[in-house]
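Here's the structure, in C-alpha cells; my notes come after.
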Amino acid sequence: MRLSDLLGSPVRDSSGEVVGQVADVRLVQDGPLLRQVQHAFRVAGLIVVARHTGRLFGYERGPAIKGPWLVKVLVRALHHNTRYVPWEQVDRIDGADILLRVPKRDLAHVSDLYSERIS
Amino acid sequence: MTRARVLHAQLHLLDRQVVHDRDGRLVCKVDDLELDFDDQGRPYVTAILMGPLALGPRMGGVLGRLMEGAARLLGAQAPPRIPMADVSRVASAVHVGGDLERPALERWVRTRLIEPIPGARHEAE
Amino acid sequence: MKKFLGITLGILTAIGGFVDIGDLVANALVGSRFGMSLAWVVLLGVVGICVFAEMSGRIAAVSGRAVFDLVRERLGPRAGLANLGASFFILVMTVAAEIGGAALALELATGLNYLLCVPAVAFAAWLVMWRVRFETLERVFGLAGLALVIFVVALWQLGPDWGQLWHQASHPAPPQDEGVPTYLYYAIALLGGAMTPYEVFFFSSGGVEEKWTRRDLSVSRANVLIGFPLGGLLSLAIAACAATVLLPAHVQVDSLDQMVLPVALGAGQVGLGLVILGVFAATFGATLEVALSSGYSLSQYFGWQWGKFVRPREAARFHATILVVMVVATALILTTIDPIMVTEYSLVFSAAALPLTYLPVLMIANDRDYMQDKVNGIFSNTLGTIFMILLVAVSIAAIPLMLATKAGQ
C-alpha cells in the first residue's frame with residue numbers, strides 16, 4: 001500500500017456519516033526496527049478536514065509556523081473543523097473509504113494534539 | 001525516556017528534495033511512500049518511492065495516467081525505491097545514505113545527449 | 001573590489017526584471033504615451049520584488065533550497081505543475097523575445113538583418129551557459145548591462161522640464177487622450193514585469209550556485225537592496241527620456257530604434273554606441289537568466305540535480321532542458337514573429353504564475369523548521385501580505401483588461 005492511498009480518502013464514522021477527507025497522516029518513529037538501525041515511522045493517526053481542499057500548509061501545527069497573520073487566519077477559518085483520528089479508532093479500509101469505529105462526535109479536534117501534547 | 005520523533009507525512013516528507021549524504025548530490029523528490037503492516041495491523045513506512053510511476057498514480061487524473069503510461073512505455077515496471085533504513089535525517093531536505101542507482105531518464109539523457117557534446121566532463125571555467 | 005562585485009547577482013537578476021527587451025520597450029512606450037504618470041507602479045514593483053527576493057535569498061542561504069523546489073513542496077504536485085506549465089510557457093516566450101531583442105540590437109549596430117544574427121546570438125548564449133562559470137557569467141553581464149546608465153546621463157543632457165516630469169509622476173491619472181482601462185492595463189503590465197517569477201527563480205538558484213550560507217545573509221540583502229532599485233532607476237530614466245522627447249511629439253514607441261532616439265539626441269554618437277551596447281548586454285544577460293531559469297524550475301520540480309556548480313554530465317537533464325528551450329526559442333523567433341509582441345501576450349500567463357510563486361515563498365519564510373531563527377519579522381510579513389493581496393487582484397484583472405483594451409491599443 002502507498003501513503004497516497006490514504007491521502008484524500010473519504011472518512012466515514014461508525015454510523016456511515018462522512019467526517020471529511022484525509023489531509024495529512026501523522027507519523028511517529030516507534031514502529032518496527034529497520035535493519036537493526038532505527039525505528040520505522042508508524043502511522044499514528046489521520047488528520048481529517050471537512051472541506052474538499054485538502055491542504056493545511058502546516059498551520060495546524062501550533063508552535064512551528066506562526067505567520068503571516070492573514071494566511072494563518074484564512075487557513076484556520078477554512079479548516080476549523082479539522083479532526084484528528086488516532087489509528088486505533090480506524091475500523092477498516094473499505095475500497096477507497098476509511099471506516100471508523102467511533103461516531104463523529106467522539107472525535108478529537110486537531111488542536112488537542114498540541115494543547116495536551118498527545119504523542 | 002525521549003519522545004519518539006513525530007512527522008506529518010504530507011508536510012514533512014512528501015514532495016521534499018532527497019539529497020545523497022555522501023556527496024550532497026540531489027537525487028529526486030519524495031514522490032510517494034510505501035507502507036507495510038506490522039504484527040498489530042498498524043501501517044508503517046517502509047520506503048521512499050520516486051519517479052513517474054510513483055508520482056503519476058498519486059497525481060491522478062489525465063496527467064497522472066499520462067505520466068504513468070509514458071514510463072511504462074519506456075519499459076519501467078516498478079518505481080525506484082529507497083528503503084527507509086537508508087534515511088539518515090529529515091530536515092529541509094531528506095538526507096539518505098546507501099548506494100543509489102541513477103534513474104533511467106538521467107542515464108539516457110547523459111549518454112545520448114550530453115556526453116557527446118565537448119566539455120561535458122569538465123568543470124566550467 | 002571583491003565585495004563590490006559580490007552584488008552582481010542582484011544586478012543581473014534586476015536586468016531581467018526591469019530592462020529586458022519587454023521592459024525596455026514597455027517603459028519607453030509608457031513614457032511616450034503616459035509621461036511619468038505610471039512612475040508609482042515602477043516604485044511599487046521595486047518594493048514588491050525587494051520583499052520577495054530578500055525572502056527567497058534568505059531561504060536559499062539558510063536552507064539551501066531554491067524557490068521552485070518550495071513551490072511543489074508547499075502547494076503540492078498538482079498546483080506545482082500548473083505553475084510549472086504557466087511559468088515554462090512564459091520562459092520559452094521570453095527567451096525567444098530576448099534572443100530577438102539582442103539580435104535587433106546587433107542589427108542597429110551592424111546593419112545586418114536581425115534574423116541573420118539570431119542563430120549566432122542563440123549559439124553564443126548556449127555556449128556561455130554550457131562552459132562559463134556562474135560567477136563569471138553573473139559578473140560580466142551584470143556589469144555590462146549597467147551601460148544602460150547612459151539613459152540617466154542622456155536624460156540629464158536633454159535638460160527636461162523637471163517640474164513637469166514631477167507633476168506627471170505625482171498625479172497618477174491617465175493623460176487626456178488615454179482611457180482608464182488602458183492606463184490600468186499598462187500599470188498591470190509594468191507591475192507584472194517588475195515582479196516576474198523568473199527573477200526569484202534565478203536569484204534563489206543563483207544564491208545556491210554561489211553556495212550562500214547563513215554568513216552570506218548580508219550579501220544576499222545587499223544584492224537585493226542595490227540591484228532592484230538600480231533596475232527601477234533605469235526603468236524610470238527610460239520612461240523619462242521618452243516622456244521628454246517623444247510624448248510632446250506624439251510619437252508612439254514600437255521599435256528599438258525609436259526607443260534609443262532620445263539617447264542619441266541627448267548624448268550624441270557616444271551615447272548611441274553605449275545604449276546599443278547596453279541593450280545588447282541587457283537582452284543577452286536576460287537570455288541567460290531566463291534560459292537558466294527554465295532549467296532551474298523544471299529540475300527543481302522533479303528533484304533532478306541542477307546547477308552549473310557541477311559538471312554538465314552530473315546534471316544531464318538540467319542541461320538538456322536548457323538546450324531544448326534554446327532550440328525551441330530560436331525556432332520560434334525565426335518564424336519572424338514580432339519578439340516584443342510575444343512578451344506582451346505572455347502577461348496572461350504571468351497572471352497565473354505570480355500568486356502561485358510568491359505564496360509558497362511567503363509561507364516557507366515563516367516556517368521555523370526551514371528558517372530556524374531567521375523567520376520573517378513583522379515588517380516582511382506585513383509587506384508580503386499586502387503584496388499577495390495586490391498580486392491576487394492583478395491576477396484576476398489581467399485577462400479581462402487585456403481583452404477589453406486589446407492589449408493596450
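Letters go in sequence order (proteins before strands), and every chain restarts at 1.
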After noting the C-alpha distance and the side-chain angles of B/L14 and A/L7, does the key distance pass the side-chain contact (heavy atoms from CB on, under 4.5 Å) rule?
CA-CA 11 Å; B/L14 286 176; A/L7 289 175; 3.4 Å; yes
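Taking CD of B/Q40 as the reference point, atom CZ of A/R42 lies at 8.5 Å (rounded to 0.5 Å). Distance NE2/B/H12 to CZ/A/R26: 10.0 Å, rounded to 0.5 Å. Between atom CG of residue A/L3 and atom CG of residue B/L49 there is a gap of 10.0 Å, rounded to the nearest 0.5 Å. Rounding to the nearest 0.5 Å gives a distance of 10.5 Å between CG of B/L33 and CZ of A/R2.
Residues A/Q38 and B/A85 share a closest heavy-atom pair of NE2-O, 3.1 Å.
By the 4.0 Å N-to-carboxylate-O rule, A/D30 lies too far from B/R5 to be salt-bridged with it.
Neither the backbone nor the side chain of A/L33 comes within less than 4.5 Å of any heavy atom of chain B.
Distance alone, capped at 3.5 Å, places no donor-acceptor pair between the A/Q29 side chain and the B/L7 backbone. In this structure a side-chain-to-backbone donor-acceptor pair under 3.5 Å is missing from B/E34 to A/M1.
Applying side chain to side chain contact (heavy atoms under 4.5 Å, CB included) to B/L11 and the options A/I47, A/D24, A/V25 leaves one that passes, A/D24.
B/Q77 CD: 12 or fewer foreign heavy atoms inside a 6.0 Å radius.
The closest side-chain heavy-atom distance from A/S4 to B/M59 is not below 4.5 Å.
Most heavy-atom pairs under 4.5 Å with chain B, from the set A/D5, A/L34, A/L27: that is A/L27.
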